[in-house]
Structure formats: structure tokens, C-alpha cells
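Scope of the values below: all heavy atoms of this structure, side chains included, with no hydrogens, waters or symmetry mates.
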Amino acid sequence: MFTGIIEELGTVVSLKRGSQAAVLTIKGKKIFEDLKLGDSVAVNGVCLTASHISGNTFQADVMNETFHRSSLGSLSHGDVVNLERAMAANGRFGGHMVAGHVDAVGEIASIKQDDNAVWFTIKAPDQIMKYCIEKGSIALDGISLTIAKLTVDTLSVSMIPHTIGNTNFGYKKAGDAVNLENDMVGKYIDKLLHFEENKKEETSSGLTMEMLRNAGF
């Protein structure tokens, strides 16, 4: 579990791709104060497990599913990433509950200066927009933020200088990919509200497939 409050910016040392997975090596400072093998670290909002630690670098295995769900596959040497250790049980939630399980990837549609703040407008798929409400929470590359504006297919957030200066959004430009994670509370409520309906659909679909197989199709 994470809070979406970024602890520090790390730097990608390497991303070594295999046929189905990869090993990501990242360099940092603060998170190594107590990082141990097997600990969880959110990298741009993606929960990864530290499988090897050496000095101020750690390695994590990245599965093929993670590449499909997030923007980690586009990382390369020297890229700056957001880092957050898993929250301690006695910690304070400064942001909101973030699982580190990216729902989809969005794209920065525009960046607009507004006095000392900056507006970032993100184009997002329907599966993300479904759970977005004004003043609700969302994680962008692991950063806990409040949705300020919504359209049919975009969400906008306003960032203060501190957030921009201490996260990778200080390096972002229009067209860049962003990892998106909806507030899990909304997803749980939706599941509960439509549980019986979805169960009936799944049962009906299963019966149809079984009937087709029995008929020789």
C-alpha cells in the first residue's frame, strides 16, 4: 500500500528486456535508508519488488503484464522516475490509498501555466474516466492528486511548485505517457453495486459456451 506522496526522484540505470520480462535497475538515495530485499517500491506508480540491492541501486523484475498495463516499457537509461516505499503501518496518509496497480496509461494533452501553479490535462480511456469525479483522487505516475476538471475523455489537475519540483512532472511535456490508477474505493463500490448483474452475465455467457461445445462447435 502506498500514499501517492513521492519520496524522491530516482534515475534509471538500465532496463534489460528479455522475451517475456525484464530487469529494471534504478538508482536513488532516500529510499535506501531502510530498503530490504523483497520490499515493495512504487516506480512511477507501479508496485515492484526489490530483488537485488547494491549500494544505492536496486533491481526489480518486470513482468510482461506490467508492460501491457503501464509505461515502464518505454523507460531508458537516465530517465527520471518517481519513487515511494510502501507505507509503514504506523504512518500517516498524506495522499490517498494507492495500490501501485496501474489501471491504464493516459497521455498528457496540454500543459498550462496558471500563476505559480501548472495545469496538466490528461487524455484517458473510458475505463479510467468511469471512476473519475471532480475533487476525487487519482494517481498520476504514482502521485496522489485531486481531479479539478473533467470532460468526456480528459481529466485536469493543478500542481503546485513543490509537487512539480519533487516529481517527474517537472520533466513532462505534451504527448508523454502517464500511468493512471483510479481511487480503489470507487472501483469496489462499482463492483458491489453491479455484482449480481455481472454474475448473471457471466453465468449466461458460460452456459452459452457450454451449449455451443456440446453442439459440436
Engineer: Would Leu24 and Val46 show up in the same hydrophobic cluster when neighbours are defined by side-chain heavy atoms closer than 4.5 Å?
Structural biologist: yes
Engineer: Give me the atom names and distance for the closest heavy-atom approach of Leu15 to Ala22.
Structural biologist: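 Shortest heavy-atom separation between Leu15 and Ala22 comes out as CD1-CB, 3.9 Å.
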Engineer: Distance only, no hydrogens: is a donor on one side chain within 3.5 Å (strictly under) of an acceptor on the other, for Thr57 and Ser54?
Structural biologist: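 No - no donor-acceptor pair under 3.5 Å links their side chains.
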Engineer: Atom NE2 in His101, atom CZ in Arg69: separation rounded to 0.5 Å?
Structural biologist: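 Result: 11.0 Å between the selected atoms.
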Engineer: Give, for atom CG of Asn179 and atom CG of Leu72, the distance between the pair rounded to the nearest 0.5 Å.
Structural biologist: 6.0 Å
Engineer: Taking distance alone, no hydrogens or angles, what donor-acceptor pairs closer than 3.5 Å link side-chain atoms of residues 124-137 to residues at least two apart or in another chain?
Structural biologist:
from, atom 1, to, atom 2, distance (Å)
Gln127, NE2, Asp103, O, 3.0
Lys130, NZ, Asp190, OD2, 3.4
Tyr131, OH, Asp190, OD2, 3.0

Engineer: Quick one: do Leu150 and Leu180 end up in the same hydrophobic cluster if we chain Ile, Leu, Val, Met, Phe, Trp and Tyr together by side-chain heavy atoms under 4.5 Å apart?
Structural biologist: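 Linked within one cluster.
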Engineer: I'd like to know whether NZ of Lys27 has more than 12 heavy-atom contacts from other residues, nucleotides or ligands below 6.0 angstrom.
Structural biologist: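 No, not enclosed.
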Engineer: Check Ala60 against Leu48 and note the closest heavy-atom contact, atom names and distance.
Structural biologist: CB-CB, 3.8 Å
Engineer: Can you name the closest pair of heavy atoms from Glu181 and Gly45 and give their distance?
Structural biologist: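 Closest approach of Glu181 to Gly45: OE1-O, 4.4 Å.
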Engineer: Could you go through the side-chain contact (heavy atoms from CB on, under 4.5 Å) check for Glu7 and Glu33 one step at a time?
Structural biologist: CA-CA 12 Å; Glu7 294 189 90; Glu33 293 172 358; over 6 Å; no
Engineer: Under the criterion side chain to side chain contact (heavy atoms under 4.5 Å, CB included), which of Val157, Thr154, Leu145, Leu155 is the partner of Ile122?
Structural biologist: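 Checked Val157, Thr154, Leu145, Leu155 against Ile122; only one passes side chain to side chain contact (heavy atoms under 4.5 Å, CB included): Leu155.
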Engineer: Take Val13 and Ile26 through the test side-chain contact (heavy atoms from CB on, under 4.5 Å) and record every step on the way to the result.
Structural biologist: CA-CA 5 Å; Val13 176; Ile26 294 176; 5.9 Å; no
Engineer: Might you work through the side-chain contact (heavy atoms from CB on, under 4.5 Å) test for Ser110 and Lys112, ending with a clear yes or no?
Structural biologist: CA-CA 7 Å; Ser110 67; Lys112 182 180 178 181; 5.6 Å; no
Engineer: Do the rings of Phe58 and Phe32 sit parallel, tilted or perpendicular, given the 30° and 60° boundaries?
Structural biologist: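 Tilted, since the angle between the ring planes falls between 30° and 60°.
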Engineer: As an exercise, state the distance from CG of Leu35 to CG of Asn56, rounded to the nearest 0.5 Å.
Structural biologist: 11.5 Å
Engineer: Rounded to the nearest 0.5 Å, what separates atom CD1 in Ile5 from atom NE2 in His96?
Structural biologist: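 If I round to the nearest 0.5 Å, the distance is 9.5 Å.
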Engineer: Count I, L, V, M, F, W, Y as connected when their side-chain heavy atoms are under 4.5 Å apart, and connections chain through other members. Are Ile143 and Val80 then in the same cluster?
Structural biologist: no
Engineer: Treat each ILVMFWY residue as a node, draw an edge where side-chain heavy atoms are under 4.5 Å apart, and state whether Val185 and Tyr188 are in one component.
Structural biologist: yes
Engineer: Using side-chain heavy atoms (C-beta onward) and a distance below 4.5 Å, is Phe120 in contact with Leu140?
Structural biologist: no
Engineer: Around atom CE of Met97, are there more than 12 heavy atoms of other residues, nucleotides or ligands at under 6.0 Å?
Structural biologist: no
Engineer: Would you give the length of the straight line joining atom CD of Glu84 to atom CG of Asn44, rounded to the nearest 0.5 angstrom?
Structural biologist: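 Between atom CD of Glu84 and atom CG of Asn44 there are 12.0 Å.
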Engineer: Any side-chain donor-acceptor pair under 3.5 Å between Asn82 and Thr167?
Structural biologist: no
Engineer: In this structure, which one of Leu9, Val178, Leu83, Ile6 forms a side chain to side chain contact (heavy atoms under 4.5 Å, CB included) with Asn168?
Structural biologist: Leu9
Engineer: Taking a hydrophobic cluster as the set of Ile, Leu, Val, Met, Phe, Trp and Tyr residues connected by side-chain heavy atoms closer than 4.5 Å, whether directly or through intermediates, do Val102 and Leu75 fall within one such cluster?
Structural biologist: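 As far as the 4.5 Å side-chain criterion goes, Leu75 and Val102 are connected within one cluster.
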Engineer: For Gln113 and Val118, work out which heavy atoms get closest and say how close.
Structural biologist: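 Looking at all heavy atoms of both residues, the closest pair is OE1-CG2, 3.5 Å.
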Engineer: Apply the test side-chain contact (heavy atoms from CB on, under 4.5 Å) to residues Ile53 and Leu37: give CA-CA distance (whole Å), side-chain angles for both, the deciding distance (0.1 Å), then the verdict.
Structural biologist: CA-CA 7 Å; Ile53 299 172; Leu37 286 178; 4.1 Å; yes
Engineer: Does some side-chain heavy atom of Ile138 sit less than 4.5 Å from a side-chain heavy atom of Asn182?
Structural biologist: yes
Engineer: Mind listing the closest non-hydrogen atom pair of Met159 and Thr163 along with its distance?
Structural biologist: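 Result for this residue pair: SD-CG2, 3.9 Å.
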Engineer: So, the side chain of Glu8 versus the backbone of Gly28: is there a donor-acceptor pair under 3.5 Å, distance only?
Structural biologist: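 Checking the backbone N and O of Gly28 against the side chain of Glu8, no donor-acceptor pair under 3.5 Å is found.
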Engineer: To the nearest 0.5 Å, what is the distance between NE2 on His52 and OG1 on Thr25?
Structural biologist: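 Rounded to the nearest 0.5 Å, the NE2-OG1 separation comes to 8.5 Å.
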Engineer: Restricting to non-hydrogen atoms, name the atom on Lys173 and the atom on Ile111 that form the minimum distance, rounded to 0.1 Å.
Structural biologist: CA-CD1, 3.6 Å
